[in-house]
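Read through the structure below, which is laid out as structure tokens, and then see the notes.
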Amino acid sequence: MKARNDQPVVIAGGGIGGLAAALALARKGFRSVVLEQAAQFGELGAGIQIAPNAWHALDALGVGRLVKKEAVFIEHLLMFDGVSGEKVIDIPLDKRFAKRFGNPYAVTHRADIHGSLLDGCKALPELIELHTSTRVTGFDVNGKEVAVKTQDGNLVGAALVGADGLRSVIRDAIVGDPLPGSTIHKCYRAVLDIGDVPKDLRFAAATLWAAHNVHIVHYPLRGWKLFNLVATTIGKTISDGHNEVAMPDEVLPQFSHYCEKPLKLMRTPKQFTRWMLRYRDPVKNWIRGPVALLGDAAHLMLQYMAQGAAMAMEDAVALGVACEAADGNFEKAFVHYQEMRLVRASRVQVSANSLVGQIFHVPDGLERQIRNDIYRGRSPERYYDALAWVFTPPDYVRSFARAGRGRARPASARRKAA
């Protein structure tokens with residue numbers, strides 16, 4: 001297939017957002033070069049929740065079937081009161097849910113999504129170049145060209161997409177807001193063998209135990225072979241110690257006010273990995289001429305809505321739509337892209353950063369009882385109505401595959417397990 005652009009779109013970052021952007025552009029006939037600073041393409045982290053809007057984006061990008069091979073299709077979204085053990089929220093993910101939103105809800109390993117996107121990109125070598133060990137350090141806009149600076153020199157492209165995550169050098173140039181050096185949000189992660197998990201906690205659900213300034217999330221992974229556990233705390237400021245081992249004697253005292261059932265699970269891991277949870281407030285502008293931000297570089301959010309990767313993939317689809325509509329005029333396309341994405345992504349960002357956390361983390365006592373009373377006994381349809389704004393994909397995501405000029409060929413071989 002002959003590309004619609006002579007000079008490539010340069011994509012800084014080879015994570016989920018960057019690879020999704022390359023695939024979206026390729027499916028509209030645009031050539032791109034993905035620059036990943038690490039020595040190989042890979043994805044940190046463990047479990048990830050895939051809501052219906054994320055499935056729609058994966059399907060639009062042509063990799064939904066690959067991801068579904070490893071995903072676990074859970075039956076409920078549950079929230080328990082971590083102090084009393086009461087089941088407060090139960091959202092069934094049955095045929096009614098799938099019919100309402102056009103796709104199911106599932107959980108999987110982040111590496112399985114990233115690996116499927118990488119396979120999709122590798123299947124289109126005529127439109128997507130993949131480079132590792134290439135760190136983007138800045139850029140200059142020269143008319144309709146962008147000189148992208150790397151540690152090894154400059155690369156000239158027709159446009160630049162900053163999908164370079166929370167420490168985005170592209171965002172530094174466009175927005176100029178420094179990443180906060182510390183955070184009061186952190187989590188402790190562990191991936192367990194399913195046989196080590198107490199039998200009475202092996203729910204076919206994404207399960208959350210809520211208590212004052214802490215919550216626990218768990219769900220199965222990879223065909224019920226593994227079990228993902230994430231314990232989040234808020235309060236004490238942390239400025240270092242990210243992605244390091246944390247022993248149970250650091251973690252467990254922070255959850256001492258929990259009832260016995262979730263504590264039994266928390267005592268299972270022999271060690272955890274500590275993660276600082278960074279976020280930014282929304283900004284009004286993600287673009288400068290033929291340069292645009294995407295994913296965490298644009299709207300870094302806390303994980304409380306389980307929508308960070310979904311928003312990055314929706315961004316990618318919107319980028320492809322906008323570039324096709326502008327027929328390769330990338331400066332015009334990026335204005336359209338921002339118009340399509342700014343309000344929706346920022347609404348999710350605000351909800352994740354503050355609103356949802358207020359529900360999870362209410363103080364013990366009367367406020368906890370009020371929270372439980374608000375949600376107790378709601379019908380499935382009422383929950384579906386409340387979630388429709390985020391779980392329903394934008395029209396441009398639904399229509400992307402049907403309108404696409406190009407088709408990403410399926411990867412010819414299964415990827416290796418990460």
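Here, residue 1 is the first one in the sequence, and each next residue gets the next number. We use all heavy atoms of the structure for the numbers below, so side chains are in, but hydrogens, waters and symmetry mates are not.
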Within the supplied structure, the quantity of interest is the number of heavy atoms (other residues, nucleotides, ligands) at a distance under 6.0 Å from Arg96 CZ; does it exceed 12? yes

Heavy-atom count check: over 12 atoms from other residues, nucleotides or ligands less than 6.0 Å from Lys332 NZ? no

For the residue pair [X] and [Y], does the interplanar ring angle fall in the parallel (under 30°), tilted (30 to 60°) or perpendicular (over 60°) class?
X: Phe97; Y: Phe391; result: perpendicular
X: His185; Y: Tyr279; result: perpendicular
X: Phe334; Y: Tyr337; result: perpendicular

Within the distance-only criterion (no hydrogens, no angle test), does the side chain of [X] pair as donor or acceptor with the backbone N or O of [Y] below 3.5 angstrom?
X: Arg278; Y: Pro180; result: yes
X: Arg31; Y: Asp6; result: yes
X: Arg280; Y: Leu166; result: yes
X: Arg171; Y: Ala297; result: yes
X: Asn353; Y: Leu302; result: yes
X: Gln151; Y: Arg135; result: yes

Might you point out which heavy atoms bring Val169 and Thr137 nearest each other, and give the distance in Å? CG2-C, 4.2 Å

Using every non-hydrogen atom in the two residues, find where Ala309 and Ile16 come nearest and quote the distance to one decimal. CB-CD1, 4.3 Å

I would like to know whether Asp164 and Gln37 meet side-chain hydrogen bond (donor to acceptor under 3.5 Å, both in side chains); could you show each step before the answer? CA-CA 9 Å; Asp164 47 345; Gln37 68 175 348; over 6 Å; no

Can you name the salt bridge (charged side-chain N to carboxylate O under 4.0 Å, His left out) partners of Asp152, sequence neighbours left out? none

Under the salt bridge (charged side-chain N to carboxylate O under 4.0 Å, His left out) test, residues paired with Arg267 that sit two or more places apart: Glu260

Taking the cut-offs as 6.0 angstrom to the six-membered ring centre and 45 degrees off its axis, would you call Lys28 and Phe400 a cation-pi pair? yes

Answer yes or no on whether Arg341 is positioned over the face of Trp286, meaning its NZ or CZ is under 6.0 Å from the six-membered ring centre and within 45° of the axis. no

Below 3.5 Å, can you tabulate the donor-acceptor pairs from side chains in residues 206-217 to any protein atom, sequence neighbours excluded?
{"from": "Trp209", "atom 1": "NE1", "to": "His218", "atom 2": "NE2", "distance (Å)": "3.0"}
{"from": "His215", "atom 1": "ND1", "to": "His361", "atom 2": "NE2", "distance (Å)": "2.7"}

